[in-house]
Amino acid sequence: MGLLNDGINEVIVTTHHNAAPIGIISRNEKLRMTLYHGSHTAEQVISGGWVVANFLFDPVIYVTTAFDDLPAAAFMEETAGNFTVERLCSCEAWGAYQATVERTTRESLLVSLLPLREEKEDLLLHPVNRGFNSIIDATVHGTRYKVTRDPELRDLIGYHAGIVKKCGGPREKEALALLFDYIDYP
Ligand SMILES: Cc1cc2nc3c(=O)[nH]c(=O)nc-3n(C[C@H](O)[C@H](O)[C@H](O)COP(=O)(O)O)c2cc1C
């Protein structure tokens, strides 16, 4: 099934001049995403019909793209099928997919993905690091905490922050400080 594994792949999805962490769901040999209304990614899927899954392991990029934009210089063009797509220059591998809205609900779009082209660039080894994984979890909770200020989410973020402090390297700690800034964490 190419670069994506069965289950949910938490990748950085790029569309035209936009990047965001998104979960690509691979189940029963089908690739899908659920996109909440209002995100740039959802708008761009409707207008452009393609996405790129960027595989990279920089926790700062996960936090930044969850809350902010990357500069235009972070993106480069590639050809995939009949589309000119954009990927991140710094990714280790990427896959371009045709993206079709399968269903729309009040909250979200269900988008199905068809592989167009997948490439490996400079692959590095990434030993499992709980600090990195906890940045991903804390950022997921952080995107909702920023809106709801739910104390349960605040506690979950606090739990993951503890793991980042214990197990993370300097880049994970930088990402945590950035996350706290974005979500105004107490
Ligand atoms: C690891 C991770 C996975 C996420 N997965 C999704 C997802 O599957 N669908 C979604 O709509 N938002 C998801 N989000 C939240 C979006 O990244 C967030 O709303 C972001 O601001 C959207 O950016 P955009 O407006 O540039 O598209 C996820 C966030 C993180 C940190």
Side-chain angles (χ1 to χ4, degrees), residues 4-27 30-72 74-75 85-88 91 95 97 99-113 126 128-150 153-154 156-161 163-164 168 171-172 174-185:
L4 295 162
N5 283 339
D6 278 348
I8 302 185
N9 300 259
E10 308 293 358
V11 295
I12 305 292
V13 163
T14 45
T15 49
H16 176 57
H17 274 32
N18 191 73
I22 299 288
I24 296 187
I25 307 156
S26 173
R27 287 215 172 95
K30 291 209 168 96
L31 301 176
R32 291 197 174 91
M33 310 182 291
T34 300
L35 297 177
Y36 295 100
H37 292 301
S39 71
H40 296 120
T41 305
E43 285 167 17
Q44 302 261 28
V45 160
I46 293 167
S47 58
W50 59 267
V51 297
V52 172
N54 293 264
F55 299 85
L56 58 112
F57 303 87
D58 181 346
V60 171
I61 295 283
Y62 273 85
V63 172
T64 307
T65 56
F67 297 99
D68 220 334
D69 297 328
L70 293 176
F75 299 83
V85 301
E86 290 167 46
R87 68 164 172 100
L88 294 181
C91 72
Y97 306 87
T100 311
V101 178
E102 200 176 304
R103 195 159 12 107
T104 306
T105 68
R106 263 183 27 188
E107 298 85 36
S108 61
L109 307 175
L110 182 66
V111 176
S112 59
L113 302 178
H126 298 279
V128 172
N129 182 289
R130 292 177 67 206
F132 176 81
N133 292 346
S134 275
I135 284 290
I136 303 299
D137 265 21
T139 309
V140 172
H141 298 316
T143 54
R144 287 172 49 221
Y145 174 73
K146 190 172 176 166
V147 179
T148 64
R149 308 318 275 185
D150 179 345
L153 292 173
R154 185 196 58 216
L156 282 169
I157 294 165
Y159 168 79
H160 285 291
I163 294 175
V164 173
R171 201 67 177 158
E172 281 76 25
E174 185 184 339
L176 184 66
L178 201 59
L179 173 64
F180 282 178
D181 270 359
Y182 278 124
I183 65 176
D184 198 13
Y185 191 79

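All values below were derived from every heavy atom in this structure, side-chain atoms included, with hydrogens, water molecules and symmetry-related copies excluded. Counting starts at 1 for both ligands and their atoms, in listed order.
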For atom 11 (O) of ligand 1, what's the nearest protein heavy-atom neighbour? Residue, atom name and distance, please. Y36 N, 2.9 Å
Between V63, L109, T41, which one has a non-hydrogen atom sitting closest to atom 27 (O) of ligand 1? T41
From T14 OG1 over to I22 CD1, what is the distance, rounded to the nearest 0.5 angstrom? 11.0 Å
Flag side-chain contact, heavy atom, 4.5 Å: K146 against F67: yes
Give the residue and atom name of whichever protein heavy atom lies nearest to atom 3 (C) of ligand 1, and the separation in Å to one decimal. E10 OE1, 3.3 Å
The one among A66, G23, G142 that brings a heavy atom closest to atom 20 (C) of ligand 1: A66
among protein heavy atoms, the one nearest atom 29 (C) of ligand 1 is P21 O, 3.5 Å
List ligand 1 atoms under 4.0 Å from L35, heavy atoms only on the residue side. 11 (O)
Hey, does D137 have a side-chain heavy atom less than 4.5 Å from the side chain of I163? no
Value for CD1 (I157) from CG (L179), rounded to nearest 0.5 Å, stands at 6.5 Å
Proximity of T34 to ligand 1 by residue part, where a heavy atom lies under 4.0 Å: backbone
Atoms of ligand 1 close to I136 [distance to a heavy atom under 4.0 angstrom, numbered from 1]: 1 (C)
Closest protein heavy atom (residue, atom, distance) for atom 22 (C) of ligand 1: A20 CB, 3.7 Å
Checking R154 now: which residues fulfil salt bridge (charged side-chain N to carboxylate O under 4.0 Å, His left out) with it, not counting sequence neighbours? none
Of all protein heavy atoms, the one nearest atom 12 (N) of ligand 1 is I22 CD1, 3.8 Å
Shortest heavy-atom approach to atom 24 (P) of ligand 1 - which of M33, H40, H141, R144: H40
Within the 4.0 Å heavy-atom shell around T139, which atoms of ligand 1 are there? 31 (C)
Beyond-backbone contact of Y97 with V111, side-chain heavy atoms, under 4.5 angstrom: no
Quick one: CZ on F55 to CZ on R87, what's the gap to the nearest 0.5 Å? 12.5 Å
Is ligand 1 under 4.0 Å from a heavy atom in the side chain of N18, in the backbone, in both, or in neither? side chain
Please report which non-hydrogen protein atom sits nearest to atom 1 (C) of ligand 1, along with the residue it belongs to and the distance in Å to one decimal place. V140 CG2, 3.4 Å
D58: partners by side-chain contact (heavy atoms from CB on, under 4.5 Å), with sequence neighbours left out: L56, V60, I61, R171
Could you tell me if the side chain of D184 sits less than 4.5 Å from the side chain of R149, heavy atoms only? yes
